[in-house]
Amino acid sequence: MPSSDLVMMRATDLARAIRDRAVSAREVMQAHLDQIARHNPAVTAIVSLRDPDLLLAEAEAADRDLAENGPRGPLHGLPHAVKDLSATAGIRTTQGSPLFRDTVPEVDAIHVARLKQAGAILIGKTNVPEFGLGSHSTNPVFGVTRNAYDPTKAGGGSSGGAGVALALRMVPLADGSDHGGSLRNPAAWNNVLGLRPAAGRVPNSTDEVFLPQLGVVGPMARCTADLGLLLSVQAGYDPRTPTALRQDPVVFAAPQPRALKGLRIGWIGDFGGHLPFEPGVLDLCEAGLKVFSAHGAAIEPVLPAFDPKAIWRAWVVLRQGLTGAALAAHWRDPAKRAVMKPEAVWEVEQGRTLTAFDLHAASVTRTAWYHCVRGLFERFDVLALPAAQVFPFDAEETWPRRIAGRDMDTYHRWMEVVVPGTLSGCPVISLPVGLNPAGLPMGLQLIAPNQDEAGLLAIAAAYEAATGFDRTLPPVLRG
């Protein structure tokens with residue numbers, strides 16, 4: 001089979017072809033290495049790529065193992081690059097920071113170990129912003145990740161390398177993480193899927209396991225079947241994370257489309273004018289909603305009875321407390337502080353001003369917002385918002401300072417649209433809604449009731465069948 005055909009296959013089909021021995025893991029590895037060599041220099045999505053000869057030898061070993069013992073797991077023989085915030089034993093994990101330029105962990109993160117157990121072959125990492133801060137994957141270690149649809153534009157973040165690598169068919173699947181839209185923004189900007197799971201769905205290795213976390217690990221993919229496959233590998237209880245959910249992850253492995261007739265969608269839009277948007281963003285998202293209504297879904301505008309400014313303030317306080325504490329040890333060393341990006345220094349210095357009472361008050365606001373969202377689910381099956389407030393911007397910029405005439409007062413204010421989903425703790429998916437006249441993609445967020453990832457996957461599968469978004473290719477891949 002031509003290598004160009006192999007990289008275009010869905011991960012589910014590719015894994016099946018390897019298991020059936022219709023194609024070898026070595027052929028699949030070579031095809032993806034060729035794709036990386038062809039496209040990665042222009043976009044810097046894959047970083048810390050391992051030696052190709054070693055990877056081909058591991059793929060050959062996977063073929064022998066398959067012949068002798070059967071498949072190791074559902075990802076047997078698939079090449080995979082891990083987001084560069086997650087620990088990978090024996091593979092450099094830099095977090096995009098000069099402080100960790102040469103760090104090679106000895107132990108895998110929990111979800112990385114699960115990838116290996118499922119049979120994936122780790123080829124390297126995907127690029128991120130320094131420390132994962134911000135939705136533009138640029139850092140002083142590897143440089144700028146550029147958009148799959150226009151390399152003069154930003155690829156998104158913090159799972160930017162993952163989204164771009166997926167869109168350009170350099171990897172069959174991609175893992176990511178999401179605190180402030182890091183699975184949703186790059187998915188929207190590269191015409192792929194990103195699913196932020198509910199808290200506890202995917203166990204995450206952290207130094208502190210009891211405080212409620214805003215960051216979660218989750219899957220990215222080009223189609224719903226692949227998204228469910230990866231989530232089924234990532235999810236599941238682990239005793240090292242006491243808040244991890246115990247539901248059998250096999251329920252996510254093969255999502256089936258649900259009937260869209262009767263689906264109730266609450267369209268929050270710009271939150272009553274609170275959120276500014278670049279022209280065209282809302283139009284594309286509303287066009288996506290029309291696909292649902294054309295198949296019998298009921299779309300109703302809704303303005304939550306909650307002050308959006310309070311949502312933002314609560315998130316900022318909680319983020320500063322959690323992120324600032326995680327970075328404080330580096331900040332305390334003047335030599336290390338000098339090479340930290342300004343946004344990282346800002347998070348620490350803002351976090352140091354907070355009290356336990358501040359954090360509690362923010363968590364109380366978060367709880368109230370959750371109950372508001374919970375009440376909305378008595379009227380709606382899902383809630384909808386755009387996945388970003390702007391289209392991909394110039395790759396040489398750090399972040400948008402102004403949207404629709406409004407100044408952005410922080411480095412992450414321009415992504416405020418993702419905060420209601422994050423703070424709710426509910427699962428959120430980003431669905432592609434098409435391209436603007438400049439050929440730049442956008443996505444639509446759907447928020448589901450707590451722990452209903454299966455429901456989101458079923459909706460996504462139906463939307464995919466209606467739109468065929470997975471057949472839209474970046475210009476460089478179009479025949």
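Values in this document were obtained by computation on a predicted structure and should not be read as measured data.
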*asked:* Show the nearest heavy-atom pair for residues D175 and V82, with the distance to one decimal.
replied: OD1-CA, 3.2 Å

_If I compare all heavy atoms of P71 with all of L66, which pair ends up nearest, and what's the gap?_
N-CD1, 3.4 Å

*Taking only Lys NZ, Arg NE, NH1 and NH2, and the carboxylate oxygens of Asp or Glu, determine whether D178 and R184 approach each other closer than 4.0 Å.*
yes

_Salt-bridge contact R413-E416 (side-chain N to carboxylate O under 4.0 Å)_ = yes

_Between CZ on residue R16 and CZ on residue R10, distance to nearest 0.5 Å_ = 10.0 Å

*Atom pair CH2/CZ of W414 and F393 - distance to nearest 0.5 Å*: 4.5 Å

*Do any N or O atoms from the side chain of N40 and from the backbone of A45 form a donor-acceptor pair under 3.5 angstrom?*
yes

*Is there a donor-acceptor pair under 3.5 Å between the side chain of T241 and the backbone N or O of Y237?*
no

*Can you find a heavy atom in the side chain of T410 that is under 4.5 Å from one in the side chain of W312?*
yes

*asked:* Whether the side chain of Q213 engages the backbone of A199 through a donor-acceptor N/O pair (distance < 3.5 Å, no angle test) should be reported.
replied: no

*Are K153 and L440 close enough that some pair of their side-chain heavy atoms sits under 4.5 Å apart?*
yes

*Please lay out, stage by stage, how L14 and L6 fare under the test side-chain contact (heavy atoms from CB on, under 4.5 Å).*
CA-CA 7 Å; L14 197 58; L6 289 175; 4.0 Å; yes

*Check whether the side chains of T103 and T93 place a donor and an acceptor atom closer than 3.5 Å, and report yes or no.*
no

*Knowing that exactly one of S158, S135, S177 qualifies, which makes a side chain to side chain donor-acceptor pair (under 3.5 Å) with S182?*
S158

_D226 (side chain) donor-acceptor with A11 (main chain) under 3.5 angstrom_ = yes

*Please indicate whether E106 has more than 12 foreign heavy atoms, meaning atoms of other residues, nucleotides or ligands, lying under 6.0 Å from its CD.*
no

*Hey, is the main chain of D108 close enough, under 3.5 Å, to the side chain of K116 for a donor-acceptor pair?*
no

*Considering only heavy atoms from C-beta outward, does the side chain of F377 approach that of L383 to under 4.5 Å?*
yes

*According to the interplanar angle, ranging from 0 to 90°, do the rings of F100 and F131 count as parallel (below 30°), tilted (30 to 60°) or perpendicular (above 60°)?*
perpendicular

*L227 and P219: which non-hydrogen atoms are nearest, and at how many Å?*
CD1-O, 3.4 Å

_Could you report the tightest heavy-atom contact between G157 and P186, atom names first, then the distance?_
O-CD, 3.4 Å

*Report yes if the side chains of I429 and L183 come closer than 4.5 Å at any heavy-atom pair, otherwise no.*
no

*Begin from the C-alpha positions of W189 and H136 and carry the test ring-ring contact (aromatic ring centres under 6.0 Å, His included) through to its verdict.*
CA-CA 11 Å; W189 280 7; H136 179 21; 8.0 Å; no

*asked:* With heavy-atom distances below 4.5 Å as the criterion, would you say the side chains of T126 and S159 are in contact?
replied: no

*Please round to the nearest 0.5 Å and tell me the distance separating atom CD1 of I91 and atom OG of S86.*
11.5 Å

*Exam field: side chain R366 to backbone L423, donor-acceptor pair closer than 3.5 Å*: yes

_With no hydrogens and no angle check, just 3.5 Å: does a side-chain donor-acceptor pair link E464 and T224?_
yes

*Does N127 reach the main-chain N or O of V144 with its side chain, forming a donor-acceptor pair under 3.5 Å?*
no

_Would you say R201 and Q234 are linked by a side-chain donor-acceptor pair, where the criterion is simply a distance under 3.5 Å?_
no

*Kindly give the heavy-atom pair with the smallest separation between A387 and V418, and that separation in Å.*
O-CG1, 3.8 Å

_N-O pairing of R72 and D65 below 4.0 Å_ = no

*Considering non-hydrogen atoms only, spot the tightest contact between R319 and H412 and give its length.*
NE-CD2, 3.5 Å

*Please report the C-alpha distance between H80 and L75 in whole Å, then the side-chain angles of each, then the deciding distance to 0.1 Å, and finally whether the side-chain contact (heavy atoms from CB on, under 4.5 Å) criterion is met.*
CA-CA 9 Å; H80 189 95; L75 305 183; 5.6 Å; no

*With no hydrogens and no angle check, do the side chains of R114 and H111 hold a donor and an acceptor under 3.5 Å apart?*
no

*Please step through side-chain contact (heavy atoms from CB on, under 4.5 Å) for the pair F252 and L457, ending with a clear verdict.*
CA-CA 8 Å; F252 308 121; L457 289 168; 4.1 Å; yes

*asked:* Any non-hydrogen side-chain atom of C426 less than 4.5 Å from a side-chain atom of P449?
replied: no

*asked:* Return the OG1 to CZ distance between T94 and F142, rounded to the nearest 0.5 Å.
replied: 4.5 Å

*Any side-chain heavy atom of V348 within less than 4.5 Å of one from H330?*
no

*R146 (side chain) donor-acceptor with V43 (main chain) under 3.5 angstrom*: no

*Hey, does R374 have a side-chain heavy atom less than 4.5 Å from the side chain of N450?*
no

*Between R169 (side chain) and A167 (backbone), is there a donor-acceptor pair under 3.5 Å?*
yes

*To the nearest 0.5 Å, tell me how far R313 CZ sits from D358 CG.*
12.5 Å

*Determine yes or no for a side-chain-to-main-chain donor-acceptor pair under 3.5 angstrom, with N139 supplying the side chain and S97 the backbone.*
no

*Evaluate the criterion side-chain contact (heavy atoms from CB on, under 4.5 Å) for residue pair N190 and L166; output intermediate values, then yes/no.*
CA-CA 8 Å; N190 291 283; L166 262 179; over 6 Å; no

_Interatomic spacing from CG in L54 to CD1 in I123 - rounded to 0.5 Å_ = 12.5 Å

